Structure formats: structure tokens, C-alpha cells
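In what follows, chains are A, B, ... by sequence order, proteins preceding strands, each numbered from 1. These figures come from a predicted structure and were not determined experimentally.
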2 protein chains.
Amino acid sequence: MANIQQVAKHAGVSVATVSRVLNGQTTVTAKTKQKVEEAIQYLNYEPSMLGRNLRNSESRIVLVLIPTISNPFYFEIIKGIENMALSQNYSILLCETDSKPEKEEIYFDLLRKKMADGIISMDPAVNVETLKELAENYAIIQCSEYGGGMDIPYVTIDSEEASYRAVKHLIQIGHQKIALMNSDEKFLYARERRMGYERALQESGIPLNKNYISYTQELGFEQGQLAMKKILHLDDRPTAVFAVSDLLAIGALKEIKAAGLQVPQDIAVVGFDKIDFSNMTNPALTTVAQPMYKMGTIAARMLIDKIRGKAVDSVVLGFELVIRESTTG
Amino acid sequence: MANIQQVAKHAGVSVATVSRVLNGQTTVTAKTKQKVEEAIQYLNYEPSMLGRNLRNSESRIVLVLIPTISNPFYFEIIKGIENMALSQNYSILLCETDSKPEKEEIYFDLLRKKMADGIISMDPAVNVETLKELAENYAIIQCSEYGGGMDIPYVTIDSEEASYRAVKHLIQIGHQKIALMNSDEKFLYARERRMGYERALQESGIPLNKNYISYTQELGFEQGQLAMKKILHLDDRPTAVFAVSDLLAIGALKEIKAAGLQVPQDIAVVGFDKIDFSNMTNPALTTVAQPMYKMGTIAARMLIDKIRGKAVDSVVLGFELVIRESTTG
DNA sequence: GATGAAAATGTAATCGATTACATTTTGAAA
DNA sequence: TTTCAAAATGTAATCGATTACATTTTCATC
């Protein structure tokens with residue numbers, strides 16, 4: 001494994017010149033450049049990023065914090081982040097926190113130890129205090145999730161409006177008894193989605209039935225099954241369910257079928273996120289599509305700008321209601 | 001951001017002593033140690049991994065190559081790798097190749113440029129020649145997938161036997177007309193799984209029907225739908241399908257239902273991998289469970305051993321047939 | 001051929017840690 | 001108190017790049 005000194009020696013030039021060739025600087029004669037390139041070829045030289053990174057005080061790595069890799073919600077966002085990052089010569093380190101502070105801390109430490117240049121957080125459970133503190137000294141962007149009152153730049157969609165539109169759709173196709181399967185309201189987006197739900201009902205003069213709202217600790221399949229089980233046992237059973245994640249909705253689907261009922265004839269179901277799998281279920285799921293890929297690229301762009309010291313502003317993106325069989329048959 | 005010099009100065013000792021405290025060496029007096037720790041605290045010092053990594057000629061990062069992040073098959077393996085890696089103070093960089101040589105090359109370059117200490121490859125489409133070449137100079141382990149004839153250590157299961165057992169199960173519950181939905185036979189595991197399929201048939205005296213075997217380019221949901229569509233149009237329609245991935249099987253499920261047929265009454269379905277979703281379908285999928293998490297930890301262990309210069313041997317792990325509703329109703 | 005500004009190249013410091021080797025301190029034994 | 005091995009600490013080289021500044025080369029102009 002050759003280093004820059006050996007290349008310089010072999011090419012009969014100084015290390016500065018080799019470095020100039022490496023970094024495509026223009027002040028190098030064509031002849032010199034060729035000599036250097038031959039030496040590089042001959043010695044099979046690859047510049048070490050360890051040396052470069054130390055000298056430049058950067059790692060060219062960005063951290064992407066997610067609660068779990070198993071949630072398909074993050075796929076497209078991650079792809080967006082990754083492609084943008086790669087195009088700017090950054091690599092991304094995917095960090096599964098399992099929503100545990102201990103694991104978060106491991107990755108925060110990577111930042112503190114200069115092993116990473118910044119963080120894109122998609123973890124709603126993230127330790128807000130620590131994040132705020134870190135944001136004072138390091139580049140941090142929140143993507144899709146964001147806490148209120150922090151001056152950390154974020155990119156997200158209008159959750160309240162999206163929720164409103166989903167419920168509105170159910171009302172428009174004739175539903176009055178609509179259940180909301182929400183996540184814990186310690187999360188801002190959960191509160192926003194409940195508000196959208198309430199606004200849609202109110203607007204149509206439908207009274208709010210508190211029994212129709214359930215809260216789950218996580219947004220997974222099993223939680224959807226459990227919540228649906230309870231809903232099915234209600235005295236005045238709803239005819240529609242709006243779940244704030246596709247996985248919840250898919251759990252609901254399975255439970256409804258297990259009870260011998262039909263979707264959407266007996267109960268209509270709407271999910272949220274448009275994960276790949278939402279199209280694979282039977283029936284295919286009506287759901288709210290967030291512009292995930294775009295969200296990813298924008299978040300990455302924002303982060304890299306921030307790393308480079310530019311000022312960045314938060315962004316709110318549009319969304320789309322994708323109507324499929326689980327509401328229209 | 002303080003550095004080690006400043007800590008040394010503030011504590012009134014040399015950088016060597018600070019380094020010793022940092023690395024928990026025993027040759028430091030309790031009193032000196034305390035002085036250093038106070039200085040660290042006071043200056044809010046965090047050792048830079050950039051300096052350390054250059055000096056130690058390591059990056060403490062390992063690359064994990066996968067074709068796509070969307071395939072749930074990799075989740076548990078990745079978790080296994082990650083936990084083992086973290087316990088040894090390594091971080092993992094998840095590399096999506098999209099099965100494209102250009103993207104592979106980006107990550108191979110990270111290795112050449114010392115930005116990574118080794119690679120765990122789970123990409124069957126990986127450029128075999130390049131991988132072989134790299135393996136001469138760098139630590140590389142193949143996980144779950146492996147090409148024949150290479151001396152790159154791998155961890156995997158006995159695909160032939162797993163396939164044999166899956167088909168055997170179908171035969172035992174009364175099926176004779178069993179279709180195989182296989183992946184492209186350029187992959188070793190695909191050839192092995194066909195062999196297991198054939199062995200099971202042969203053993204029971206069932207003649208091989210070439211029309212019952214289909215090949216798909218990818219292992220996704222859509223490919224499963226397409227392949228199933230063709231199978232449903234066969235003159236002598238099979239009563240069972242063995243798909244070499246759960247996503248293929250889930251595609252088949254949906255297609256069978258779309259044709260108005262019942263699973264397993266009309267057609268039984270067996271998948272492979274036991275991804276989370278295989279339990280969320282209707283009916284739940286009978287499938288072959290690989291010990292994914294364990295596979296991940298072992299692969300990571302092997303890689304780290306290899307990085308440290310130890311000799312490592314390939315490992316073949318056991319598997320388990322998980323019988324659920326899609327075959328037994 | 002002499003001149004001198006511009007272009008090309010070189011020298012050496014620097015980034016922040018680790019560690020071999022050198023030096024100083026400690027403290028038990030004489 | 002002296003002695004001296006062991007323990008503690010310090011000095012300075014090192015990892016491999018980048019780059020400010022210094023020096024040399026080039027070449028158009030007179």
C-alpha cells in the first residue's frame with residue numbers, strides 16, 4: 001500500500017504536486033501530471049481518506065437516525081438521502097436506535113468524536129434535550145419527524161392537513177362512524193393528525209366519539225391487530241378506520257378478516273405512508289403518500305449545506321391521498 | 001473543541017499521559033489520572049477518531065453490501081451484524097448496491113481508500129472477479145450468499161437441504177403437482193434449491209415436470225405475481241407452489257386470490273426466509289426460517305477476526321421449516 | 001540576452017492522536 | 001542515607017494527507 005510520499009518519489013516530484021494532481025488543481029503542467037499519474041498507476045496507489053480526513057477535519061460521513069430498520073416507511077427516504085449524499089461524496093451510516101437512549105448515545109458519540117459530520121434524525125423518540133445541545137455545535141437536520149420549539153431545521157409534510165384529507169375522503173364516500181388509530185400523543189405528528197381528524201368531523205357536523213380514538217405505543221402490525229380487536233368489540237362499531245401508519249392499517253385488515261368481516265364493505269380502512277407492502281395486501285390499502293424520496297434528498301441537501309456553514313430553512317412538502325380498494329372496493 | 005495537547009497542558013502532564021488515561025492503561029498514578037480526568041471534564045474534551053484512526057491505520061467501519069434495503073430478508077441479519085460490530089467498537093455502513101457494478105464500485109473504493117476496514121457481502125450479484133481480487137488484500141466475508149470456488153470465507157445455510165425439506169412437507173400433506181418458483185440459476189443458491197426440489201420429488205417417485213419450474217430475475221412481489229399468473233394458466237395446474245423467497249410467495253398469494261382461488265385449499269404456498277410480513281398475510285405463510293440474527297453475528301465476528309489477522313473458517317448453519325396456514329389451512 | 005511577472009513546483013507545518021524509547025520519580029532494601 | 005530496579009512520565013517520531021508560503025522555472029517583451 002503506497003502512500004503519497006512514495007508516489008512523489010517515484011514520479012520525481014514533491015508530495016505537494018502529487019496532491020495537486022489528486023485534487024485536480026490546474027496549476028500542474030500536463031507533463032508533470034502525466035508523470036504523477038503513471039506513478040500512481042504503477043504503484044497502485046489509492047489516497048488514504050484517513051490522512052485526508054484528519055487534515056481536513058472532516059469524516060465525510062453523515063449519520064441517519066431511525067428507530068428501526070424494519071419499518072419500510074424509511075426506505076425511500078433513506079434512498080433519497082443516500083443518493084444525494086453520494087453525489088456530494090458523503091457516505092451515510094444508518095443508525096438504528098431501537099428508540100433507546102443508550103443506542104442513541106453511541107451514535108451521538110460518533111458525532112462528538114468527529115467520526116461523523118452531521119446527523120439526519122428521523123427518530124421521533126430521540127432525546128430532545130441532547131439533540132438541542134448537539135445542534136449548537138454540530139450540523140443536525142430533522143426529517144419527517146420534528147419536535148416543536150426547537151430551532152433545528154426540519155423537512156416534513158403538513159400532518160394535520162393530510163389527516164384531514166384522509167378522513168374527509170371517508171366521509172365523502174358515506175362514512176360517519178370513523179375510528180382513529182393514532183400513535184402516542186407525546187409525538188407532535190400524532191397531535192397534529194388527531195387535530196386533522198377532528199377538523200374533518202367537525203366540518204361535517206359529525207360528533208366526536210372518544211371511544212373511536214385509540215393510541216398505540218408503536219406503529220407496528222401487532223399494535224394494529226390489538227387496537228382493531230378492541231374497536232371490533234365496541235357497542236356502536238365504526239364503519240371505517242383511519243390508521244396513522246400502514247403497518248397499523250395492515251394489522252387492522254388482518255383482524256377484520258379474522259372476525260369474518262369484509263373490507264371495505266363492512267369496514268373501510270385507510271393507512272398512512274404508502275409503504276411498498278400497502279399495495280401487496282388484500283385488498284390494497286388506501287393511504288397517504290408522503291414524497292419520501294424527495295424528503296430524503298432535501299434533508300441531505302440541507303444537512304450538507306449546514307455542514308458547509310450555510311444557513312438553511314425548514315421545508316414543508318406536499319402529500320397525496322392514494323385511493324385504493326380498502327375504501328372503494 | 002479541545003485537543004489532546006490542550007488537555008495535557010491544562011492537566012500539567014504530557015500528551016502521552018493523557019493518551020494513557022484515555023486508553024485505560026494501568027501505568028498511571030491515581031492522582032495523575034484524576035488531574036487528567038478533571039482537565040477532560042473541564043475542557044469538554046472528546047478524543048478525535050480522525051487522529052486516532054490515522055495513527056492506528058484503521059477506520060473502525062465495516063461495509064455491509066446488500067442489493068436493496070427494501071428487502072426485509074436482510075433486517076435481522078443486519079441487526080445481528082450491527083450488534084456484534086458495536087460491541088467491538090465498529091460501526092457499520094449499509095451499502096445498497098442496487099445490484100449495479102457502478103454502485104458497488106463506490107463502496108469498494110471506500111475500502112481501498114481506507115475508509116472501511118472490511119466488507120460483509122450479502123449481494124449475490126456482486127462482481128465476483130473484483131471481490132476475489134479485493135479479498136487478497138482486504139478482509140471480506142460473504143454472508144448468506146456465496147459464490148463457489150472462491151476462498152472467501154462465508155456463513156450460510158444448506159440451501160439444498162432446506163429446499164428438500166420444504167418440498168417434502170408439501171408431498172407429505174398430499175401434494176404431487178408442485179411448482180418451483182426459483183430465482184435465476186446464475187446464483188449458486190438457486191441451483192442448490194432446485195436440486196433439493198428435485199431430490200424430494202425423485203425420492204417420492206414423482207416425475208419432474210419442467211413446466212412447473214419458473215425463473216425470476218428478482219425476488220420481489222411483482223415477480224411473484226407474474227410467475228404465478230403463468231402457473232395458473234398451465235394446462236395441468238399445480239396444487240402447490242414452493243417459492244424461494246417470501247416476497248415471491250406473497251406475490252403468488254395475491255395472484256391466486258385474484259383468480260378466485262383459495263389458499264391452501266386450491267393451491268398451497270411455501271415461501272423462504274420468514275420475513276416479518278410472512279406472518280401478516282392472509283393466510284400466514286409457511287416458510288423456511290434461516291437463523292438470520294445468528295448469521296449476522298457470526299459474519300461480523302468472522303470479519304472482525306479477519307481484520308485482526310486471525311484465520312477464519314466458513315460456517316454452515318441450520319434452518320427450520322415454519323408450518324403455517326398457507327399449507328395446512 | 002536580460003528582465004520580471006506569472007506559472008509551476010517544492011518545503012515544511014499541520015491536523016490529533018499513539019507509542020517506542022528516554023528520562024525522571026518512587027520507595028523498598030541495604 | 002544510599003542504591004537501584006520498577007514504576008511513572010515525558011519527548012519526539014509517526015500515520016498520510018493538504019496547503020501557506022518560499023523558491024524555481026518559464027517565457028513574453030524589450
From CD1 of B:Ile4 across to P of D:dG10 the rounded distance in Å is 12 Å
Rounded to whole Å, the NZ-P distance (B:Lys113 to D:dC15) equals 22 Å
TODO: Take A:Ser99 and A:Thr97 through the side chain to side chain donor-acceptor pair (under 3.5 Å) test and state the conclusion after the steps.
DONE: CA-CA 5 Å; A:Ser99 298; A:Thr97 65; 4.6 Å; no
*When the ring planes of B:His10 and B:Tyr42 are compared, do they come out parallel, tilted or perpendicular, using 30° and 60° as the limits?*
parallel
Between CD of A:Gln5 and P of C:dG10 the distance, given in whole Å, is 13 Å
Do A:Thr29 side-chain atoms and A:Lys31 backbone N/O form a donor-acceptor pair below 3.5 Å?
no
Whole-Å distance, B:Lys9 NZ to D:dT9 C1', equals 19 Å
Could you check whether A:Glu58 pairs with A:Arg60 (Lys NZ or Arg NE/NH1/NH2 to Asp/Glu carboxylate O, under 4.0 Å)?
yes
From the candidates C:dT19, D:dT11, C:dA8, the one with an atom nearest any side-chain atom of B:Ser14 is D:dT11
- salt_bridge(A:Lys103, B:Glu82) N-O dist < 4.0 Å: yes
Separation of C:dC21 atom C1' from B:Arg20 atom CZ, nearest Å, is 11 Å
Rounded to whole Å, the CZ-P distance (A:Arg60 to D:dG16) equals 21 Å
Between its two end axes (five pairs each) the helix from C:dG1-D:dC30 to C:dA30-D:dT1 turns, nearest 10 degrees, through 50°
By nearest-nucleotide position on DNA chain D, the 5'-leaning member of A:Thr17 and B:Val13 is B:Val13
Donor-acceptor pair, side chain of B:Glu96 and main chain of B:Ile69, under 3.5 angstrom: yes
Next on the checklist: Need one value for B:Thr29: base, sugar-phosphate or nothing, where a base atom within 4.0 Å counts as base even if backbone is also close, heavy atoms only.
Outcome noted: sugar-phosphate
Of the listed C:dT11, C:dC21, D:dA8, the closest approach to the A:Ala16 side chain comes from C:dT11
**OP:** Describe the nucleic acid contact of B:Val18 in one word from base, sugar-phosphate, nothing, applying a heavy-atom distance below 4.0 Å.
**Re:** nothing
Residues in residues 43-54 of chain B with a heavy atom under 4.0 Å of DNA chain D, by number, are B:Leu54
B:Asp184 side chain vs B:Phe187 backbone, donor-acceptor pair below 3.5 Å:
no
Against the side chain of A:Arg55, the closest entry in C:dT18, C:dC15, D:dT9 is C:dC15
Result for 5'-nearest mapping on DNA chain C, choosing between A:Ser57 and B:Asn23, is A:Ser57
Testing C:dG10, C:dG16, C:dT14 for proximity to the side chain of B:Asn3, the answer is C:dG16
